[in-house]
Number of protein chains: 2
Amino acid sequence: MKNILFDFISKYVSLTEDEKNVIVSLDIFRSVKKGTTLLKEGQKSKDSYFVLKGCIRTYYVVDSEEKTTAFYTEMEALTPPCVISKTPSEYYISCIEDSILTVSNSDMEAEINSKFPKFETVCRILSEELLAKQRMDFDEFKTSSPEQRYLNLLHKRPDLIQRVPQHQLASYLGIKPQSLSRLRARILEKSKA
Amino acid sequence: MKNILFDFISKYVSLTEDEKNVIVSLDIFRSVKKGTTLLKEGQKSKDSYFVLKGCIRTYYVVDSEEKTTAFYTEMEALTPPCVISKTPSEYYISCIEDSILTVSNSDMEAEINSKFPKFETVCRILSEELLAKQRMDFDEFKTSSPEQRYLNLLHKRPDLIQRVPQHQLASYLGIKPQSLSRLRARILEKSKA
DNA sequence: TAAAATCGTTCACTTAAGTTAAGAAATGAA
DNA sequence: TTCATTTCTTAACTTAAGTGAACGATTTTA
């Protein structure tokens, strides 16, 4: 399981055995059951997550309704905005499959960054890449209709449509579950004709 | 004008006079006329921008129609995704007001980062913050209706509504110019009643 | 295992955005 | 200044998403 993390890091910098041992000694690997809530609205937290296996989601509760905004699966990293802004979280994070994660504390990261400049470089490159990727996702969302968004998702992350409940997918696409049902029926109808 | 940049950087790290001189010697300050295109679709570029004064926008051209996705004004930084991915740009960047920018090359940044770890720290923190901020913007967009988005913008960046043409604002809000006109009339109607 | 809760779909109805077109206002260029 | 272009608004019509409700299927839990 550790190898997944090291393979990931090796895309950015190469690590010595010593450096790998430092990471392992941090004891950041966690096994988490489906349904576990990792963060609640209003809580303060310094924890960042990296998904080795499974799936976690972030959601807001607005008028007692869940609004799912993101899913994180294998090889994806999540640093909640509240960790950066040092304010109480505006959203929830929960585990939608039995998962294996790394959970790292921002104090810990700060210490490692100052001791090993190499890690800071990884963090910098990673956030720059994520920023660019997310920018493109946002742009695509803005410039597409719900139907196009669904078709895009089908193309880019077909796994999500299988492993995630429809009503969570719907709010991820910015629409209501009934609209997603209808939209799928419409697409099916078109493909028949 | 340089002071704007140094004030900005000083929010993250403190610079010595020597370090400031290094930055000035890079000769990155540029004055740009309204209407200038800084980047075109299909071009490769290594340039990042920081707005000292004025406003630039990014837009895609889809079916010969402009889709504006972002505006950058005073104290905002833009590293186009194509600089990160090293692929041809998918969008245009143009200047919508006479502006003063810094234009920095990614090779130059890489060199400075390796020479002055302090700069790498600024870059890391800055991208982490931007990533968190943009994540929240994206979440807000996803969970709001066009009307709510407009009201949000009115609240958070009232200046944009003044300085940016309506049709560009509309696509920034993910709708057509006609819909924005109608939506504004609707809001006005409500506030009267 | 039975009851309760959640989930996905369908339907009828409402609301708002997309589309097409037209005209007035503002802007830019000759 | 005048002409041409672009921009903004309005309107009528079309399309699709939101809403509320119902129902069966699935999942949870007592």
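Just so we're on the same page: letters track the sequence lines, and every chain starts at 1.
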Point to revise | First encountered from the 5' end of DNA chain C, between Pro146(B) and Ser181(A) | key: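 Result: Ser181(A).
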Review point. Mapping Lys176(B) and Lys34(B) to their closest nucleotides on DNA chain C, which lands nearer the 5' end?
Key: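 Of the two residues, Lys176(B) wins.
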**Study point:** Residue closer to the 5' end of DNA chain D, Gln178(A) versus Gln166(B) (nearest nucleotide)
**Key:**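 Going by which nucleotide is closer to the 5' end, it is Gln166(B).
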Nearest to the side chain of [X] - [options]?
X	options	result
Ser179(A)	dA17(D), dG8(C), dT9(C)	dA17(D)
Ile175(A)	dA17(D), dT9(C), dC8(D)	dA17(D)
Ala185(A)	dT10(D), dT10(C), dG18(C)	dT10(C)

Write down the distance between [atom1] ([X]) and [atom2] ([N]), rounded to a whole number of angstrom.
X	N	atom1	atom2	value
Leu173(B)	dA16(C)	CG	C1'	15 Å
Leu180(A)	dA17(D)	CG	C1'	12 Å
Arg163(A)	dC7(C)	CZ	P	18 Å
Lys142(A)	dG18(C)	NZ	P	14 Å
Gln148(B)	dA17(D)	CD	P	17 Å
Lys190(B)	dT15(C)	NZ	P	11 Å
Arg184(A)	dA16(D)	CZ	P	18 Å
Ile187(B)	dA16(C)	CD1	C1'	13 Å

Point to revise | Donor-acceptor pair under 3.5 Å, Arg182(A) side chain vs dG8(C) base | key: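 In this structure, the two groups form no donor-acceptor pair.
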Point to revise | Passing candidate, salt bridge (charged side-chain N to carboxylate O under 4.0 Å, His left out) with Glu97(A), options Arg57(A), Lys33(A), Lys53(A), Arg163(A) | key: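 The residue from Arg57(A), Lys33(A), Lys53(A), Arg163(A) that satisfies salt bridge (charged side-chain N to carboxylate O under 4.0 Å, His left out) with Glu97(A) turns out to be Arg163(A).
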Point to revise | Donor-acceptor contact present, side-chain Gln168(A) to main-chain Pro165(A), <3.5 Å | key: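 Looks like no, no N/O pair under 3.5 Å.
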Review point. Would a distance-only check, ignoring hydrogens and angles, find a side-chain to backbone donor-acceptor pair under 3.5 Å from Asn113(B) to Glu120(B)?
Key: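 Between the backbone of Glu120(B) and the side chain of Asn113(B) there is a qualifying donor-acceptor contact (under 3.5 Å).
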Check your understanding: Do we see a donor-acceptor contact under 3.5 Å between the side chains of Ser104(A) and Ser48(A)?
Key ->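 The criterion, which ignores hydrogens and geometry beyond distance, is not satisfied for Ser48(A) and Ser104(A).
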**Study point:** Phosphate-side-chain proximity, Arg186(B) and dA17(C), N/O vs OP1/OP2 below 4.0 Å
**Key:**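 True: Arg186(B) side-chain N/O within range (under 4.0 Å) of dA17(C) OP1/OP2.
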Practice item. Verify the contact: side-chain N or O of His167(B) to OP1 or OP2 of dT6(D), cut-off strictly under 4.0 Å; return yes or no. Key: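 Result: no.
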**Study point:** Ring centre gap for Tyr49(A) and Tyr72(A) strictly below 6.0 Å
**Key:**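 No - the distance between ring centres of Tyr49(A) and Tyr72(A) does not fall below the 6.0 Å cut-off.
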